[in-house]
**Q** 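Sharing a structure, written as structure tokens. Questions coming.
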Amino acid sequence: AIFKVYDMGLYTAKKVSSPAELLALPGPKRLQFTALRELPGTDLGRLFLKGMGDNSTKEQVQRHALSSARLIEVFSGRSKMLPGESFAMEYVPGKGTTFYILGKAQGAPVGDDEFFQMVMKIWVGDSPADSQLRDALLGLDKE
């Protein structure tokens, strides 16, 4: 059974239709989520970390350990996300990635372009969290 855990949107400056195109696309990008059921924050943090590990090299994971720690801290810092609550990750070139919970920025931006690529690969990498979701995000799920 597939449990829908969150709704997710991907916002980019122009339409992309493949993971490679998405990862190569310059400019700002935003991943927006809405919880569909109660999600423990520690689970979210752990899932994100596992997704990054599954889709990136050990070197990349080590290189971005600080930014990843910040990601975990932001989500694990909340005991839970309730259905209907939103969170987001937004990358701005030259600034880094800002994490948002309920529309509020959680601290200063972290990481660089490569870090946000690692974050996106959780959903669009070679071992995505959910391949149907990956195709839907990229508009490949034409019925």
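None of these values were measured; they are calculated from a predicted model. We use all heavy atoms of the structure for the numbers below, so side chains are in, but hydrogens, waters and symmetry mates are not. The chain is numbered in sequence order, starting from 1.
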**Q** In Å and rounded to the nearest 0.5 Å, what is the OG1 to CG distance from T12 to L31?
**A**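 Nearest 0.5 Å value for the OG1-CG distance: 10.0 Å.
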
**Q** Tell me if a side-chain donor or acceptor on N55 pairs with a main-chain N or O of K121 at a distance below 3.5 Å.
**A** yes

**Q** Any chance you could lay out the salt bridge (charged side-chain N to carboxylate O under 4.0 Å, His left out) test for D130 and R134, step after step, and finish with the verdict?
**A** CA-CA 6 Å; D130 175 337; R134 175 190 61 197; over 6 Å; no

**Q** Using salt bridge (Lys or Arg N to Asp or Glu O under 4.0 Å) as the criterion, list what pairs up with E73, not counting sequence neighbours.
**A**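 Salt bridge (Lys or Arg N to Asp or Glu O under 4.0 Å) check on E73 returns R70.
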
**Q** Keeping D43 on the side-chain end and R46 on the backbone end, is there a donor-acceptor pair under 3.5 Å?
**A**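 The answer is no, because no donor-acceptor pair under 3.5 Å joins these two groups.
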
**Q** Would you say Q32's side chain and A88's backbone share a donor-acceptor pair under 3.5 angstrom?
**A**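 Flag not set: sc Q32 to bb A88 has no pair under 3.5 Å.
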
**Q** Side-chain contact test, heavy atoms from C-beta onward, threshold under 4.5 Å: evaluate it for P128 versus W123 and give yes or no.
**A**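 Side-chain contact under 4.5 Å: no.
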
**Q** For the CZ atom of F48 and the CE atom of M89, what is their distance to the nearest 0.5 Å?
**A**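 So the gap between those two atoms works out to 4.0 Å.
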
**Q** Tell me whether Q60 contacts the main-chain N or O of S56 through its side chain, where contact means a donor paired with an acceptor under 3.5 Å.
**A**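 Such a contact is absent between Q60 side chain and S56 backbone.
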
**Q** Apply side chain to side chain contact (heavy atoms under 4.5 Å, CB included) to E90 and T97, showing your working.
**A** CA-CA 5 Å; E90 186 173 64; T97 300; over 6 Å; no

**Q** Cut-off 3.5 Å, side chains only: do Q106 and Y100 have a donor facing an acceptor?
**A** no

**Q** So, taking the atom named CG in L49 and the one named OG in S76, what distance separates them when rounded to the nearest 0.5 Å?
**A**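 One finds 9.0 Å between CG of L49 and OG of S76.
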
**Q** Are any of the side-chain heavy atoms of Q117 and H64 separated by less than 4.5 Å?
**A** no

**Q** Under 30°, 30 to 60°, or over 60°: which ring-plane class applies to F87 and F75, parallel, tilted or perpendicular?
**A** perpendicular

**Q** Give a yes or no on whether a salt bridge exists between E114 and R63, defined as a side-chain N under 4.0 angstrom from a carboxylate O.
**A** yes

**Q** Give a yes or no on whether L36 atom CG has more than 12 heavy-atom contacts from other residues, nucleotides or ligands under 6.0 Å away.
**A** yes

**Q** Given 3.5 Å as the limit, does a donor-acceptor pair link the side chain of D7 with the main chain of T34, or not?
**A**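 Answer holds: no.
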
